[in-house]
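Structure record follows, encoded as structure tokens.
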Number of protein chains: 2
Amino acid sequence: MSGPANAGGKEDLDPRIVRSRQVILEATIDELAEVGYGAMTIESVAKRAGVGKATIYRQWRGKADLVESVLVMIKQDIVVRVDGTVRERVTSLLQGLATYLSDSRASLCMPAMVSAAHHDDTVGVFQFRFANERRQVLVDLLTDGVSSGELDSDLDAELTAEILAGPLFYRRLMTDRPFPVDDVDQLVRAVLGPAT
Amino acid sequence: MSGPANAGGKEDLDPRIVRSRQVILEATIDELAEVGYGAMTIESVAKRAGVGKATIYRQWRGKADLVESVLVMIKQDIVVRVDGTVRERVTSLLQGLATYLSDSRASLCMPAMVSAAHHDDTVGVFQFRFANERRQVLVDLLTDGVSSGELDSDLDAELTAEILAGPLFYRRLMTDRPFPVDDVDQLVRAVLGPAT
DNA sequence: TTGCTACGATACGGTGTCGTTTCGAATCCG
DNA sequence: CGGATTCGAAACGACACCGTATCGTAGCAA
């Protein structure tokens with residue numbers, strides 16, 4: 001640990017690289033949200049970001065590579081409460097998801113990502129893996145609830161996770177009105193039964 | 001009713017138009033499924049269909065117009081059983097949807113449609129309207145069940161419809177494994193409670 | 001200050017798509 | 001059969017995007 005530099009990962013890069021990387025990734029998000037994956041071009045991203053095309057090709061190999069970086073960036077870490085009942089923790093988790101799907105600029109490009117995942121292997125592998133990781137958190141939570149006896153012993157954690165998360169994604173992808181955060185309580189009540 | 005012609009809608013057109021229209025629409029579906037909306041081009045559709053570009057422009061104004069026709073074509077009519085309990089009819093409806101989302105070639109282009117709906121107004125209006133119509137059928141069915149007393153009186157038909165349909169779409173769009181038709185029974189049981 | 005490096009801008013040749021037009025061949029209909 | 005219509009194919013000029021290369025400039029590090 002001698003000297004100030006070379007401690008972390010990217011912190012000691014030329015600040016110009018850090019800045020351009022940031023504006024390019026944000027421009028990519030907006031471009032994905034507006035025109036989708038297929039219609040997005042490197043040139044349109046460069047123009048929106050106010051950078052030269054070469055600056056993009058200096059850091060990424062192409063479109064799929066760039067979008068992959070976006071996926072990593074917007075993959076918000078899931079916050080799981082460790083206190084409270086399983087029911088409270090599930091509600092909290094879903095509220096976080098609902099908020100994310102309603103508010104975040106990142107979630108505006110989700111329809112584009114869904115489509116891209118089915119058409120482009122590189123993007124698909126990432127998208128499906130991330131979706132699975134997030135889903136697994138909920139499944140584990142429900143499994144704990146069953147083990148501890150808080151939830152019915154015949155509850156299928158995998159299916160229930162999809163029943164809980166499905167409506168949120170359904171509303172986001174198949175309609176133009178995201179699932180309201182305030183309705184999450186009612187959703188949990190309908191699926192897990194009235195609070196004890 | 002004099003004479004054989006001019007009775008229906010399109011039946012008395014030149015058969016060459018009917019045929020080319022058919023092969024073009026099917027090629028469009030496959031193209032949407034493979035590359036998505038944004039990356040789909042009129043030329044690629046023409047090539048796949050074995051048709052001249054001009055033949056496409058003769059019948060449609062452009063890409064959005066063509067995809068709109070596809071949406072109308074693949075909008076399968078929803079078959080609702082009129083016999084049996086509400087629970088049986090709901091199950092049957094969802095099984096039909098699950099089958100459609102698993103098997104049909106048309107459903108392969110759903111990710112593309114979802115993305116297109118959010119980026120293109122013309123497509124969006126159609127897609128969202130169709131989704132709403134289908135959803136309403138399920139809502140009405142559940143409302144009937146509440147009225148007749150077969151379902152709990154405090155059941156929210158709108159929310160429950162999304163809880164039932166959500167997982168099917170979630171699996172289709174966010175994963176690469178569609179919801180198994182055989183699991184629909186279990187889904188209905190988990191949401192509406194054990195069969196009486 | 002002095003190198004060095006990443007920058008934005010611009011231009012390159014090559015390719016693909018646009019929407020239109022023009023063919024002669026094939027098909028339909030009366 | 002014969003006139004009308006649609007067809008597939010090909011070519012058009014215009015434009016957009018590809019990925020690369022080359023500028024002079026500006027910010028960085030020492």
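These numbers come from a predicted model, not from an experiment. Reckoned from all heavy atoms, side chains included, excluding hydrogens, waters and symmetry mates. Each chain gets a letter, A, B and so on, in the order its sequence line appears, and its residues count up from 1.
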Separation of atom OH in Tyr57(A) from atom P in dA9(C), rounded to whole Å: 17 Å
message: Taking atom CG as the centre, does Asp121(A) end up with more than 12 heavy-atom neighbours from other residues, nucleotides or ligands that are less than 6.0 angstrom away?
response: no
Filtered N/O pairs between nucleotides 2-6 of chain C and protein, under 3.5 Å:
residue, atom, partner, partner atom, Å
dT5(C), O2, Arg16(A), NH1, 2.9
dT5(C), O2, Arg16(A), NH2, 3.2

From Ile29(B) atom CD1 to Met73(B) atom CE, the distance as rounded to the nearest 0.5 Å: 3.5 Å
field: Side chain Lys53(B), main chain Ile42(B), donor-acceptor under 3.5 Å
entry: no
- prompt: Is a donor on one side and an acceptor on the other found under 3.5 Å between the side chain of Ser92(A) and the backbone of Glu88(A)?
  reply: no
message: Near DNA chain C, counting only heavy atoms under 4.0 Å, which residues of residues 64-73 of chain A show up?
response: none
- prompt: What are the two closest non-hydrogen atoms of Ala161(A) and Leu142(A), and how far apart are they?
  reply: N-CD1, 3.6 Å
statement: Walking DNA chain D from its 5' end, the first of Arg19(B) and Lys53(B) to be reached, judged by nearest nucleotide, is Arg19(B)
message: Can you measure Arg21(B) atom CZ to dT5(D) atom P for me and round it to whole angstrom units?
response: 20 Å
query: In terms of hydrophobic clusters joined by side-chain contacts under 4.5 Å, are Val146(B) and Val188(B) together?
result: yes
query: Considering heavy-atom distances to DNA chain C, does Ala54(B) or Gly50(A) have its closest nucleotide positioned more toward the 5' end?
result: Gly50(A)
message: Taking CZ in Arg177(B) as the centre, count heavy atoms belonging to other residues, nucleotides or ligands within less than 6.0 Å. Is the count above 12?
response: yes
- request: Starting at atom CZ of Arg61(B), determine the distance to atom P of dT20(C), rounded to an integer number of angstrom.
  value: 12 Å
task: Would you jot down, in residue-number order, the residues of residues 32-47 of chain A having a non-hydrogen atom under 4.0 Å from DNA chain D?
output: Thr41(A), Ile42(A), Glu43(A)
field: Donor-acceptor pair, side chain of Ser104(A) and main chain of Tyr100(A), under 3.5 angstrom
entry: yes
task: Provide, to the nearest angstrom, the distance between the CH2 atom belonging to Trp60(B) and the C1' atom belonging to dT6(D).
output: 14 Å
message: Students often mix this up, so state it plainly: with edges at 30° and 60°, are the rings of His118(A) and Phe128(A) parallel, tilted or perpendicular?
response: perpendicular
task: Please confirm whether Arg129(A) makes a cation-pi placement over Phe126(A), using NZ or CZ under 6.0 Å from the six-membered ring centre and within 45° of the ring normal.
output: yes
message: Going by salt bridge (Lys or Arg N to Asp or Glu O under 4.0 Å), Glu31(A) matches just one of Arg48(A), Lys47(A), Arg105(A). Which one?
response: Arg48(A)
